[in-house]
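In this text, all values refer to a predicted model and were calculated from it rather than measured experimentally.
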Amino acid sequence: MSRAWRNTLAIVLALIVVAAVAPRLYQNHLLLFNFIVFVTLAQGVNVLYGFTGYLPFGYVGFFGAGAYGFATAVMHWHAAPALALVVGALVSVVFGAVLTPTLRLSGAYFAIANLAAALAIEQIVSNPALTELTKGPYGVSLPDVFAPTLSYAVAVGIMVFATGTVSFLRYSRFGQALQAVRDDPISAATAGINIGRARTIAWLLSALIGGLIGADFAWYVTVFFPDNVFGSNFTIFALVFALFGGVGTVLGPILGVLLLYGLYNYIGVSTPQYFQLIFGSLIVALVLFLPNGLTSLLRRWGVGVA
């Protein structure tokens, strides 16, 4: 096993151990669950932006689609949570497949189209005319499947899957091909790489991760509204956490969530009046002085980063 894979394995094992031990040491179970959700979402963003260069401003659309896919399966088919998770993930992947034509766009055009798609699906879900199917704007309640301990454990597994996916893309030949497409599409095409297929696979992997954790979120909270699971905060935080830690790496998004989400909760509780100022200043400083994230600073110090 190469050193890179050993480092990745160490990161994954550390995530599992911390996630397993933390509920015994810290009473705020929802905060711990949200940490796992944001690590997973940040890794999902990392799959797309870190390896293709596409910035998904509407990434929350996958999250919300997964949540409502799960809820629909439970409400109308009385599906078991495991099957409903699969349905939620498939709904998200189908949503991503429908949107694959947007991959022909680039830069701000793709970001805007992606955001518009997420807003569109939120409007569809919250439409009062679809109350029988989605409960419309009145919210979903799934008390029969309430199982916070089990859904937390499943979330840990999804987080590990997302992290493992990023590791595969970072060290595999396919991941190297994706990075070549990101850096120089013309040269990559000349080398025989199928650019469209490579981008589509990364796009659907990202959708799968977002859909899985969205479905598990619905299982954990059991009560939610369209503006909860399609809220822009999920996308904004996932993007900021991934960029802060460093995209294109396994460790970067984890560091971003650990530091920024921890700071977010500490400042928001202790000095909420200064939160936006401190949080915003920190992000601006990072963009100015560490545009490649914290992992670039670790490399300057001679620390190998997976």
Side-chain angles (χ1 to χ4, degrees), residues 2-5 7-9 11-12 39-59 61-62 89 92-111 113-114 117 158-213 235 238-239 241-256 291-293 295-296 299 304-306:
S2 68
R3 180 179 179 182
W5 283 107
N7 290 342
T8 299
L9 181 60
I11 292 171
V12 168
V39 168
T40 306
L41 287 175
Q43 294 288 28
V45 168
N46 194 16
V47 167
L48 190 62
Y49 183 61
F51 294 92
T52 70
Y54 282 100
L55 191 60
F57 279 177
Y59 190 66
F62 296 138
S92 186
V93 171
V94 169
F95 177 50
V98 171
L99 294 178
T100 49
T102 61
L103 295 174
R104 299 172 186 170
L105 305 173
S106 61
Y109 297 103
F110 170 81
N114 187 239
I158 297 171
M159 175 179 63
V160 169
F161 168 72
T163 303
T165 301
V166 172
S167 178
F168 170 76
L169 294 179
R170 180 162 169 77
Y171 299 116
S172 68
R173 292 183 62 183
F174 174 69
Q176 292 171 0
L178 269 179
Q179 295 174 66
V181 171
R182 177 198 63 196
D183 296 336
D184 191 343
I186 296 176
S187 297
T190 303
I193 298 173
N194 188 323
I195 294 177
R197 184 175 64 184
R199 286 173 171 170
T200 299
I201 292 173
W203 170 250
L204 294 180
L205 278 174
S206 182
L208 176 62
I209 291 170
L212 279 172
I213 198 62
T235 293
L239 287 171
F241 294 155
L243 292 171
F244 187 88
V247 293
T249 67
V250 180
L251 184 61
I254 300 170
L255 283 178
N292 294 320
T295 51
S296 64
R299 290 193 188 97
V305 177

Contacts of type side-chain contact (heavy atoms from CB on, under 4.5 Å), residue R173, not counting sequence neighbours:
none

Note, L208 side chain near F161 side chain (heavy atom, < 4.5 Å):
yes

Any sub-3.5 Å donor-acceptor pair from N46's side-chain atoms to T249's backbone N or O?
yes

Could you pull out the closest heavy-atom pair between A97 and P101, with the gap in Å?
O-CD, 4.3 Å

Main chain of A89, side chain of S92: is a donor-acceptor contact present, judged purely on distance under 3.5 Å?
no

Report yes if some heavy atom in the side chain of Y49 is under 4.5 Å from a heavy atom in the side chain of L239; otherwise report no.
no

What's the separation between atom CD1 in I158 and atom CG in L212, rounded to the nearest 0.5 Å?
5.0 Å

So, the side chain of S206 versus the backbone of G44: is there a donor-acceptor pair under 3.5 Å, distance only?
yes

Interatomic distance, CD1@I213 vs CE@M159, rounded to 0.5 Å, equals 8.5 Å

Can you name the closest pair of heavy atoms from A113 and T102 and give their distance?
CB-CG2, 4.3 Å

Identify the two heavy atoms, one from A202 and one from T52, that lie closest to each other, and give their separation to 0.1 Å.
CB-CG2, 3.7 Å

Approximate separation, where rounding is to 0.5 Å, of L205 CG and F174 CZ
7.0 Å

Do R199 and V181 have side chains that get closer than 4.5 Å, going by heavy atoms?
yes

Hey, could you give me the OG/CD1 distance between S187 and I193, rounded to the nearest 0.5 Å?
9.5 Å

Heavy-atom check, side chain of F62 versus side chain of I209, under 4.5 Å
no

More than 12 heavy atoms from other groups under 6.0 Å of OH on Y109
no

Measure the CD1-OG1 distance between I254 and T295 for me, rounded to the nearest 0.5 Å.
11.5 Å

Which pair of heavy atoms, one from A42 and one from F241, lies closest together, and at what distance?
CB-CB, 4.3 Å

Could you pull out the closest heavy-atom pair between V45 and A238, with the gap in Å?
CG2-CB, 4.0 Å

Nearest-0.5 Å distance, CG of residue N114 to CG of residue L48:
8.0 Å

Any side-chain heavy atom of L99 sitting closer than 4.5 Å to one from W203?
yes

Using modelled atom types only, decide if a donor and an acceptor are shared between the side chain of Y59 and the backbone of G210 within a distance under 3.5 Å.
yes

Nearest heavy-atom neighbours spanning G248 and R170:
O-NH1, 2.9 Å

Does a side-chain heavy-atom distance below 4.5 Å link R182 with Y54?
no

For T163, does its backbone N or O pair with a side-chain atom of S167 as donor and acceptor, under 3.5 Å?
no

Is Q179 close to L169 at the side-chain level, that is, under 4.5 Å between some pair of heavy atoms?
no

